[in-house]
Engineer: 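Dropping the structure in here first, questions after.
Note on naming: letters A, B, ... go to the chains in the order of the sequence lines (proteins, then strands), and numbering restarts at 1 for each one.
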There are 2 protein chains.
Amino acid sequence: MSEVQSETAAGSEERDVTELVLQDILTGLLPAGTWLKQIDLERRYDCTRPEVRRALDRLSQKRLVAHVPNRGYHVHQPDDRHAKEVGDIRVILETAVADMMVANATPDSIATLRGLARYFDEMTLTGTILEHYEANLAFHRELLLLGGNQELVDLVSEIRQRTSSAPVSQWRTRARIEKSGREHHMMVDALEARDAEQLKRLIALHIRQPTDTPK
Amino acid sequence: MSEVQSETAAGSEERDVTELVLQDILTGLLPAGTWLKQIDLERRYDCTRPEVRRALDRLSQKRLVAHVPNRGYHVHQPDDRHAKEVGDIRVILETAVADMMVANATPDSIATLRGLARYFDEMTLTGTILEHYEANLAFHRELLLLGGNQELVDLVSEIRQRTSSAPVSQWRTRARIEKSGREHHMMVDALEARDAEQLKRLIALHIRQPTDTPK
DNA sequence: GTTACCAATATTGGCGCCAATTTATGATAC
DNA sequence: GTATCATAAATTGGCGCCAATATTGGTAAC
């Protein structure tokens, strides 16, 4: 309420450049291997040189882009081994708190999750890639929150970005997306039934799904 | 070969400023809450303003320092909840690969670990805080490597830094340090005996130890 | 015709200055 | 004597310039 400050003439370029580049990498607009020339980014996001450089430095810290001294930055190409390893880590982390999720689930939180699962389905049909991606994130975030470990929620968000450099290729088939949507609902079902073991199985399957079929 | 370039007159200030600040935070030279004025750091590490700023930005991304706009940066104070949560995450991650550690352990790797455990004990007596800290890191790194997930090794190193902002207070008593040293050897014993369950128990205990006795 | 070398161009990256904001200090009024 | 306000000092943070380095294209020689 009373947001006076966001009425700058330019429009909507108040956001952090790092986030913008991150989104473009995540949505596949900047494919893996692309060289990120500072001048190009400067123009593309209508920002200054230092802003570009800060963004590139941050993203290279997060290992989303690689830095070659005196050559520049390019979008990181995660090899299969890394992708598998990160998947394993996610399975470890997310299944580890399944018991807590079941223990902490209330009718309220289950309803919220059901809503988010439906929202994901909606975005499958009507949303942009980014909206869809974020709907997925929102669902998993809410689910993880039930684990009661805020730090773990943030950590998973972080490492999730670490391999999602090729989300387009991961979600390329509609069949798989719809399967993901159904699995979301099955997870909520398991939560409702207080079946922690089933929930673990579902989570593990859900995460490993994309990487199980490399070609 | 032919490394001519590293013969700069200055001496040994070739290192990255970020690392230097990080070390000083980890070793307790810069206690939690300390305001990190850019001018001070500039003089302290004999570097330029942009270098300082880059270091501060990186460390604030890693949440080791907090950034208050137009006020500056100060060393982050991890509250008890965060510390507990990070501890839990470490237990989850490090015990999750215990089976793999046992499976992958060779006489060679066990010997290496035994050596690192001994080295930690040595540093307890004769090393600096930093050397001691790094000896501990080296042991756990080598142990984790047996898990076969390189990504997990790096991740643990990362989140380990996330709460070690007060390593001094964690390791303040010599009794506790010596207990840690003994536990290292017990872990190697469990590994040698191929007792994964015992190894898990030891790891969990070892990690939770510092935070279990807050006062 | 091909290869090697040199020059021109483009890109990276270091560095310092200046404006904006905040904090500390001192003076004045109550 | 204390509180409040104004002014001054200090600190942050944005921005652009310039040197160092890599790359590309052209030319000449073999």
Side-chain angles (χ1 to χ4, degrees), chain A residues 4-21 24-25 30-77, chain B residues 1-22 24-25 30-77:
Chain A
V4 197
Q5 59 196 20
S6 59
E7 53 168 35
T8 23
S12 56
E13 358 196 343
E14 294 299 309
R15 298 274 300 279
D16 182 18
V17 194
T18 315
E19 287 297 318
L20 296 175
V21 181
D24 284 352
I25 293 177
L30 296 171
T34 313
W35 282 95
L36 301 169
K37 293 184 197 165
Q38 299 182 4
I39 292 190
D40 292 346
L41 300 183
E42 204 172 330
R43 290 174 190 156
R44 176 172 191 158
Y45 303 106
D46 187 37
C47 57
T48 64
R49 182 60 62 94
E51 278 179 300
V52 170
R53 249 189 267 182
R54 187 159 46 114
L56 288 172
D57 187 65
R58 284 181 179 177
L59 292 173
S60 68
Q61 290 297 308
K62 287 186 181 172
R63 294 202 284 175
L64 253 134
V65 307
H67 177 45
V68 187
N70 290 323
R71 288 280 305 277
Y73 300 80
H74 61 88
V75 182
H76 182 70
Q77 311 221 27
Chain B
M1 22 208 113
S2 77
E3 298 173 32
V4 198
Q5 57 198 20
S6 60
E7 52 169 34
T8 24
S12 56
E13 357 196 342
E14 294 299 310
R15 296 277 298 281
D16 181 18
V17 193
T18 314
E19 287 297 317
L20 295 175
V21 182
L22 180 64
D24 284 352
I25 293 177
L30 296 171
T34 312
W35 282 95
L36 301 169
K37 293 186 196 164
Q38 298 182 5
I39 292 190
D40 292 346
L41 300 183
E42 205 172 330
R43 290 174 190 156
R44 176 172 190 156
Y45 303 107
D46 188 36
C47 57
T48 64
R49 180 62 62 96
E51 279 180 300
V52 170
R53 249 190 266 183
R54 187 160 45 119
L56 288 172
D57 186 65
R58 284 180 179 177
L59 292 174
S60 68
Q61 290 297 308
K62 287 184 180 172
R63 294 203 284 177
L64 253 135
V65 307
H67 176 45
V68 186
N70 291 322
R71 288 278 305 276
Y73 300 78
H74 60 88
V75 181
H76 182 70
Q77 310 221 27

Engineer: Indicate the atoms forming the closest heavy-atom contact of A:His76 with A:Ala32, along with that distance.
Structural biologist: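 Taking every non-hydrogen atom into account, O-CB, 3.7 Å.
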
Engineer: Once you round it to whole Å, what is the distance between P of D:dG14 and CD of B:Gln38?
Structural biologist: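 To the nearest whole Å, that distance equals 10 Å.
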
Engineer: How close or far is atom P of D:dG13 from atom CD of B:Glu42, stated in whole angstroms?
Structural biologist: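 Result: 14 Å.
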
Engineer: Let me know the distance between CD of B:Glu51 and P of C:dC15, rounded to the nearest Å.
Structural biologist: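 Interatomic distance, CD of B:Glu51 to P of C:dC15: 6 Å.
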
Engineer: On DNA chain D, does the nearest nucleotide to B:Asp40 precede the nearest nucleotide to A:Arg49 from the 5' side, or the other way round? Give the residue.
Structural biologist: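 The residue closer to the strand's 5' end, by nearest nucleotide, is B:Asp40.
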
Engineer: From CD1 of B:Ile39 over to C1' of D:dT12, roughly how many Å is that when rounded to an integer?
Structural biologist: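 Going from B:Ile39 (CD1) to D:dT12 (C1'), I get 9 Å.
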
Engineer: Taking the nucleotide of DNA chain D with the nearest heavy atom to each, does A:Arg53 or A:Pro69 sit closer to the 5' end?
Structural biologist: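 It is A:Arg53 whose nearest nucleotide is closer to the 5' end.
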
Engineer: To the nearest Å, give me how far apart CH2 (B:Trp35) and P (C:dT22) are.
Structural biologist: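 After rounding, the reported distance stands at 12 Å.
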
Engineer: Taking the side chain of A:Asn70 as heavy atoms from C-beta outward, which of C:dC15, D:dA22, D:dG16 is closest to it?
Structural biologist: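 Output: D:dA22.
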
Engineer: Is there side-chain contact between B:Val17 and B:Leu41, with at least one heavy-atom pair below 4.5 Å?
Structural biologist: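 Side-chain contact under 4.5 Å: no.
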
Engineer: Tell me which one of A:Val21, A:Leu36, A:Leu30, A:Leu20 satisfies side chain to side chain contact (heavy atoms under 4.5 Å, CB included) with A:Arg44.
Structural biologist: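 Result: among A:Val21, A:Leu36, A:Leu30, A:Leu20, A:Leu30 is the only option passing the side chain to side chain contact (heavy atoms under 4.5 Å, CB included) with A:Arg44.
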
Engineer: Would you indicate, yes or no, if D:dG14 has its OP1 or OP2 atom less than 4.0 angstrom from a side-chain nitrogen or oxygen of A:Thr48?
Structural biologist: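 Looking at the OP1 and OP2 atoms of D:dG14, neither is under 4.0 Å from any side-chain N or O of A:Thr48.
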
Engineer: In whole Å, I'd like the distance from the CZ atom of B:Arg43 to the C1' atom of D:dT11.
Structural biologist: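 Those two atoms, CZ and C1', are 12 Å apart.
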
Engineer: Using a heavy-atom cut-off of under 4.0 Å over every strand shown, decide if B:Arg71 touches base, sugar-phosphate, or nothing.
Structural biologist: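 Counting heavy atoms under 4.0 Å across all strands, the contact made by B:Arg71 is with sugar-phosphate only.
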
Engineer: What is the distance from NE2 of A:His67 to P of D:dA22, rounded to the nearest Å?
Structural biologist: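 Rounded to the whole Å, the gap is 13 Å.
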
Engineer: For A:Leu41 and C:dA10, what is the distance between atoms CG and P respectively, to the nearest whole Å?
Structural biologist: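 Checked: the CG to P distance equals 18 Å.
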
Engineer: I want to check something: taking the side chain as every heavy atom from C-beta on, are A:Trp35 and A:Val68 in contact at a cut-off of under 4.5 Å?
Structural biologist: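 The answer is yes, as the side chains (C-beta and beyond) meet within the 4.5 Å cut-off.
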
